[in-house]
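Chain A is the first sequence line, chain B the second, and so forth, proteins listed ahead of strands; every chain is numbered from 1.
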Protein chains: 2
Amino acid sequence: MSAKVLPGGVDDIVTVAPEYSTDSGADPLWEGVEPEPARRLLVAGLGLFAAQGFHGTTTRDIAARAGMSPAALYVHYRTKEDLLFRISRIAHEAALAVIPPESSGAGDPAGRLRAAVAAFTAWHARHHTAARVAQYELAALEPAHFRAVAAVRLAIERIFRKMIERGVAVGKFEVSDTPATALAILSLAIDLARWYQPGSRHSPEELGDLYAGLALRMVRSGQ
Amino acid sequence: MSAKVLPGGVDDIVTVAPEYSTDSGADPLWEGVEPEPARRLLVAGLGLFAAQGFHGTTTRDIAARAGMSPAALYVHYRTKEDLLFRISRIAHEAALAVIPPESSGAGDPAGRLRAAVAAFTAWHARHHTAARVAQYELAALEPAHFRAVAAVRLAIERIFRKMIERGVAVGKFEVSDTPATALAILSLAIDLARWYQPGSRHSPEELGDLYAGLALRMVRSGQ
DNA sequence: GTCTATACGGAGATAGAC
DNA sequence: GTCTATCTCCGTATAGAC
């Protein structure tokens, strides 16, 4: 639970402890995972994958944390990798879904970028455990599963790039390199999965507002 | 070598492929690792840890890639974790060393921040393989080893925070939250370890300049 | 310092009873 | 659907010859 932090100011993050604090017992994110034992296994795997990585986690660990025997996992999932894939796909789709659609009223490029960055950032903080698995365990997915989540990742990337392109096109943003700036803004949010812990100084919403402000500065929008 | 990218524009990163391209055969970063077989093992481990993670890599993999028998590893390293620690420590210390010292002439806060971000970013792109292991395999370090690298991480974090504090103190920067802004700037560079590939559109130096510009905008410095 | 051979435990996954 | 028991292979690490 507690982050391993060196003696230092309370502001020192020291950027990720060996033990990783997990959340999400009854996260609505996993509501759709049925039946309940399957969900329990998934949430157990989620926490362990986030803390120790996919390869650092055994099926026995997962089953034990879910309060079941090792064999029970294979009733609900074909393989350990299949369990990872379910987590990764749900997380990716949820992260995509949280971005306000283009048609969401905000015709103003700055307003739209602000809303998107705030929402995407807050999601990554709130769901830092799921985000961590989604972002850092891609290499453990088998090829077909990787392709499925890569499609979602590409969609996210394009949405942010388009948002910046629009702002540039109408003269509201001023950037030297649109794709690179889009990636940089994504990096801000995604990197939360690496360092964010529930005990952090800011709530997910505060971080969303904060990073939205930084993103607007990056595209040199006064708003 | 080639990133697994979905059909799409050439700009699409799709953010990290299952196969991770490694670099560093004769990287000066590892010059100090002696004797030569120890270095070969270390570089082999580096590439595999970056691609598959520490737990996804076997000592047999490492030895084979170094052209040696599995037992040879234990002549040069106490354990597999010890090999990881050597990599992580060297990488952390090199990343710290690349940041221009406070006394480096640039009395101007904006100039100093620009130089630091450019150097730190370029380092993370150029040494993306080592950076990846350093950033994402911390949880595999045993406690004493973790503490050793955490001390370096803390030093880096403080340097960036101090730089921003100075600029704010003399009225050159305008930020709403100094520690959070420092972390955000670090995130830009660190996240390169996740997505950067040698085939990327920009050289490490170009990315350094680009991100330095973004960082200055984040602290609202015109320069 | 490097090898071959191997000890020993742990890993993913399955069989078959209840 | 869950369990206990187990198969089989693989992983880290060591022994001992050269």
* To do: Return yes if some donor-acceptor pair links the side-chain N/O of A:H92 with the main-chain N/O of A:S88 below 3.5 Å, else return no.
  => yes
* Asked: Tell me: OH of B:Y77 to C1' of C:dG1, nearest whole Å?
  -> 14 Å
* Asked: Could A:R161 and A:E157 be called an ion pair, given the rule that one side-chain N must be under 4.0 Å from one carboxylate O?
  -> yes
* Base, sugar-phosphate alone, or nothing: which one does B:P35 contact when heavy atoms must sit under 4.0 Å apart? -> nothing
* Roughly how many Å is it from CD in A:Q52 to C1' in C:dA11, rounded to a whole number? -> 14 Å
* Asked: Is the backbone N or O of A:A118 less than 3.5 Å from a side-chain atom of A:T121, with the two atoms forming a donor-acceptor pair by type?
  -> no
* Asked: Looking just at side-chain N and O atoms, do A:H55 and B:Q52 make a donor-acceptor pair shorter than 3.5 Å?
  -> no
* Asked: Just by distance, do the side chain of A:D177 and the backbone of A:A180 share a donor-acceptor pair under 3.5 Å?
  -> yes
* **Heavy-atom side-chain proximity of B:F54 to B:L141 below 4.5 angstrom** => no
* Rounded to the nearest angstrom, tell me the gap between atom CG in B:D61 and atom C1' in D:dC10. => 11 Å
For nucleotides 12-15 of chain D, tabulate all protein N/O to nucleotide N/O atom pairs closer than 3.5 Å, reporting atom names and distance.
{"residue": "D:dT12", "atom": "OP1", "partner": "B:T57", "partner atom": "O", "Å": "3.3"}
{"residue": "D:dT12", "atom": "OP1", "partner": "B:K80", "partner atom": "NZ", "Å": "2.9"}
{"residue": "D:dT12", "atom": "OP2", "partner": "B:T59", "partner atom": "N", "Å": "2.5"}
{"residue": "D:dT12", "atom": "OP2", "partner": "B:T59", "partner atom": "OG1", "Å": "2.9"}
{"residue": "D:dT12", "atom": "O4", "partner": "B:R60", "partner atom": "NH2", "Å": "3.0"}
{"residue": "D:dA13", "atom": "OP2", "partner": "B:Y74", "partner atom": "OH", "Å": "2.9"}
{"residue": "D:dA13", "atom": "OP2", "partner": "B:K80", "partner atom": "N", "Å": "3.2"}

* Structure fact -> note: A:L48, atom CG; C:dG12, atom P; distance rounded to Å ~ 11 Å
